[in-house]
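Quick note on labels: first sequence line is chain A, next is B, and so on, each numbered from 1.
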Amino acid sequence: MTGSPGREWARTLNPEQREAVAHLHGPILVLAGAGSGKTRVLTTRIAVLIDEHGVPPDRIFGVTFTNKAAGEMKERVARLLGRDPVGLWIGTFHSLSARLLRREAERLGFSRQFTIFDEDDRLAVIRRLLEQRSLPPKLFPPRAVQAVISSAKNRMLSAEQLAAQAGFDRLTQVSAELMDPLAARLKEQNAMDFDDLMLHPLRLFREHPDRLAWWRERFAFLMVDEFQDTNRAQYELIKALGGRHRNVFAVGDDDQSIYGWRGAEVRNMSDFQRDFPGCVLVRLEENYRSTQTILDAANAAISRNSGRLGKTLRTRRPGGEPVTVVASADERDEAEWIARELARRASAGEWALEDMAILYRTNSQSRALEEALRRAGVAYRIVGAISFYDRREVKDLLAYLRLVANPSDDEGFLRAVVAPRRGVGETSLDTFRALAAGWGKSLLEAARIADRATGLRPNVREALQRFAELIDRLRERSRHAAPVLLLEELVQAIDYEATLRAEGPDGLDRWDNVKELLAGAAEWSEIVVEDDDTTPLERFLAEAALVSAADSSQGTDGLTLMTLHTAKGLEWPVVAVTGLEDGLFPLSRSLETQHGLEEERRLFYVGLTRAKDKLYLSWARARRRGGDLRPSMISRFMEAIPDALIEEKSTASLWSSKRVSGGWLAPWESVTAPRATPVRLYAINEDELNQDAPRLIRGERVRHRRFGSGTVQGLAGVGKDLKVSVLFDDETVGLKQLLVAFAALERDWGE
DNA sequence: GTTTCGTAAATTTTT
DNA sequence: TTTACGAAAC
């Protein structure tokens, strides 16, 4: 439809999509079910705005959930238009905010070279604040404090407001006390954390109404994707920017809200209709992705949640392969089965490896899967886990560049100055920091005059000065040299290759990463951003700070491994959701509240709806957690899925071959009927299954911390009141009635 | 006395 | 992978 989207687009959309795309002025909320073509709607609408209504691209502000999604959308818009939408602001909340803030920093008391602190940087600051106040990290874990502060900021609470909520909770009290000092430290360092990127624009708009007016005028059309995952501050930002033209196009799905733990508020979806009167509501319920079978399973699962906005997905793909539910002995068994099964289907030519994804709840689950895939010779790539920019050597080099761009960045200083080691240790740095604070100078400024630092040993003073000279030399160069040249000079100056090689075999990999960073930086230097007055170095650093796990796209060969969270918004013909065990998925911590459980269920729903053609769901009867093997029960989510959709498998077919050679199979598995073991066997009966009862069975061997080993005699009660009677081997103990919820029984494996 | 290096413990999900 | 702690090395 190149060149004339206006005439073409209508034919390719269904009526609801058409309505959404055609909507020009005023607020609109699009309830877009999974796979309902919302990306197509968003991109088409942008193209239509530009081409048909003559809206200049630079007056459109589009928020996506990842930078990668932003890039893809920009490309699709370009394809529809037949030209680049030059000036279009599209990106994540964080990257768009950072971009806006570069231009407004001075008005907020920052300089435009402000550093974006990641979680580690902020944590280091919090640690020091706690230390200064002699608050023991044992009682006030820095991570917990950080979580409380971050959540407060996401909810736009002031220190006073948080303190008012704290009651007698010391952790919250302390967090509230640290909020303002933290903000002060960040400002001193000319730094903002992720939350600040949302809050500072709001402050700007509050304090400078003229700037609010300016930005409102500039962005006449706002579009927000994944609206269900916006937090309070983000929503306020949208309200502020959309406050004049009110052309806000919000797309979301309450059933896919999975970032509540990060401050996201689904409530924003209903608030939107209240805050933007006259809001048009469009439902996209036609699913273009999955088979009827997959959709039935997903609908059944999510129907257990309460308070949904309501929406039922339809598909035109009847039938489909049944959902395969796999029971395995442990996580290695599970991984092995999946690896073989996917390899089998790939070699049968049914799907390419690239069409497959294995999803899991926690990153730590990837390990067993990786090992199995390697053993099976299956190509794979892991998305997320450790982002490239999170690697130590990369972070070390970036710390130097941060310091070059922003001389006040003390966290960057502290990291760079010890990488590589230059004879300045923790004690010296403590002394030095106190000195610098006394002088009222940043660490870099203080380092320049370190010769005056009596109290530091001469070799330390010397090292600090040399370090400052290096940074200053690089800054001088940074006026004209591209980031890649700075990096090259830096690597040379600190003899980084030799440093890394000296670290041993891992050092070689690290050096490879450094080379990769150089290559990446080289590309960055070439990118010209049309309407942007930022320097390449600033853009490079902002990019590095804001890339997300999901943004990596390198190495597209093989099947994909990622967490369920990262998988949001993506799709594959074949999807395996693994680790479906109570306590893992849903994660035990989330079981404390109904809210938590429902969010986990939405995550489950997200997982199921990633699949187009074929879905595997797997669980392991035991899993290693922190070293020891612990029995598990099938996830309570599974009970919602109608039997008629399911084909049950166990890894039994693998066992026969395994048992001969492999010794890793748990002994009790071999006495259980190996073939055709139904998943359901691990519930005592259907009633209890529906009550989420632990799947203990009579005759099973269990171990108790105090009473030792014994045999299960019977069970009584349901849910939390479930009691198990165990005849312990130790005759002085004998028969005991135990509450399963408290007894912490482990399955006894024998020896 | 300080720095550096080795080992152990811990890690839900992530911008 | 980072942090925390103890021991060896400077």
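- One interatomic measurement links the two molecules: CD of Gln234(A) to P of dT14(B), which rounds to 16 Å at whole-angstrom precision.
- Every residue two or more places apart in sequence or in another chain that forms a side chain to side chain contact (heavy atoms under 4.5 Å, CB included) with Lys515(A) is listed here: Trp511(A), Asp512(A).
- Not a single donor-acceptor contact under 3.5 angstrom links the side-chain atoms of Arg421(A) to the base of dT4(B).
- Under 4.0 angstrom from either OP1 or OP2 of dT14(B) there lies at least one side-chain N or O belonging to Thr563(A).
- Here dT13(B) presents its P atom at 14 Å from CG of Leu561(A), a figure rounded to the nearest Å.
- Applying the 4.0 Å criterion to OP1 and OP2 of dT11(B), one finds that Asn363(A) has every side-chain N and O outside that range.
- Taking the side chain of Arg589(A) as heavy atoms from C-beta on, and the options dT13(B), dT12(B), dT15(B), the nearest nucleotide is dT12(B).
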Throw together a table of side-chain donor-acceptor distances under 3.5 angstrom for residues 147-155 of chain A, partners on residues two or more places apart or in other chains.
residue	atom	partner	partner atom	Å
Ser150(A)	OG	Asp195(A)	OD2	2.8
Ser151(A)	OG	Arg155(A)	NE	3.4
Ser151(A)	OG	Arg155(A)	NH2	3.1
Lys153(A)	NZ	Asp193(A)	OD1	3.4
Lys153(A)	NZ	Asp193(A)	OD2	2.7
Lys153(A)	NZ	Asp196(A)	OD1	2.9
Asn154(A)	ND2	Asp195(A)	OD1	3.2
Arg155(A)	NE	Ser151(A)	O	3.3

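- Contact between the side-chain N/O atoms of Thr427(A) and the OP1/OP2 oxygens of dT3(B) is found at a separation under 4.0 Å.
- Between Asp121(A) atom CG and dT15(B) atom P the separation is 16 Å, expressed in whole Å.
- Looking at heavy-atom distances under 4.0 Å, Glu426(A) makes contact with sugar-phosphate atoms alone, never a base.
- Both the sub-6.0 Å distance and the 45° axial angle are not jointly satisfied by Arg232(A) relative to the ring of Tyr235(A).
- Straight-line distance from the OH atom of Tyr360(A) to the P atom of dT14(B): 9 Å, rounded to whole Å.
- Partners of Tyr380(A) under the ring-ring contact (aromatic ring centres under 6.0 Å, His included) rule, at least two apart in sequence or in another chain, do not exist in this structure.
- Scored by the salt bridge (charged side-chain N to carboxylate O under 4.0 Å, His left out) test, Arg143(A) finds no partners at all (sequence neighbours excluded).
- Rounded to a whole Å, the OH atom of Tyr605(A) is 24 Å from the P atom of dT13(B).
- Nearest nucleotide to the Leu587(A) side chain, out of dT12(B), dT15(B), dT13(B): dT12(B).
- Ring centers of Trp261(A) and His565(A): under 6.0 Å apart, within the cut-off.
- With centres under 5.5 Å and a plane angle under 30°, the ring of Trp261(A) is stacked against the base of dT13(B).
- Comparing Arg457(A) and Ala545(A), the nucleotide of DNA chain B nearest to each residue sits closer to the 5' end for Arg457(A).
- A parallel orientation is assigned to the rings of Phe637(A) and Phe604(A), their planes being inclined by less than 30° (bins at 30° and 60°).
- Contacts of Arg367(A) classified as salt bridge (charged side-chain N to carboxylate O under 4.0 Å, His left out), with partners at least two apart in sequence or in another chain: Glu371(A).
- Listed by chain and residue number, nothing satisfies the ring-ring contact (aromatic ring centres under 6.0 Å, His included) test with Phe117(A) (two or more places apart in sequence, or in another chain).
- Note: CD (Gln146(A)) to P (dT12(B)) measures 14 Å, nearest angstrom.
- As a whole-Å value, the separation of Leu597(A) CG from dT13(B) C1' is 15 Å.
- Phe219(A) is linked by a ring-ring contact (aromatic ring centres under 6.0 Å, His included) to Phe61(A), Trp89(A), Trp215(A), counting only residues two or more places apart in sequence or in another chain.
- Along DNA chain B, the nucleotide nearest Arg361(A) and the nucleotide nearest Phe93(A) are compared for position; the residue whose nucleotide lies closer to the 5' end is Arg361(A).
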Going 5' to 3' along nucleotides 2-8 of chain C, which nucleotides have protein heavy atoms under 4.0 Å from the base (write B), which only from the sugar-phosphate (write S), and which from neither (write -)?
-> SSS----
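- Distance Glu119(A) CD to dT15(B) C1': 9 Å, rounded to the nearest Å.
- Contact check of residues 196-204 of chain A against DNA chain B (heavy atom, cut-off under 4.0 Å) returns no residues at all.
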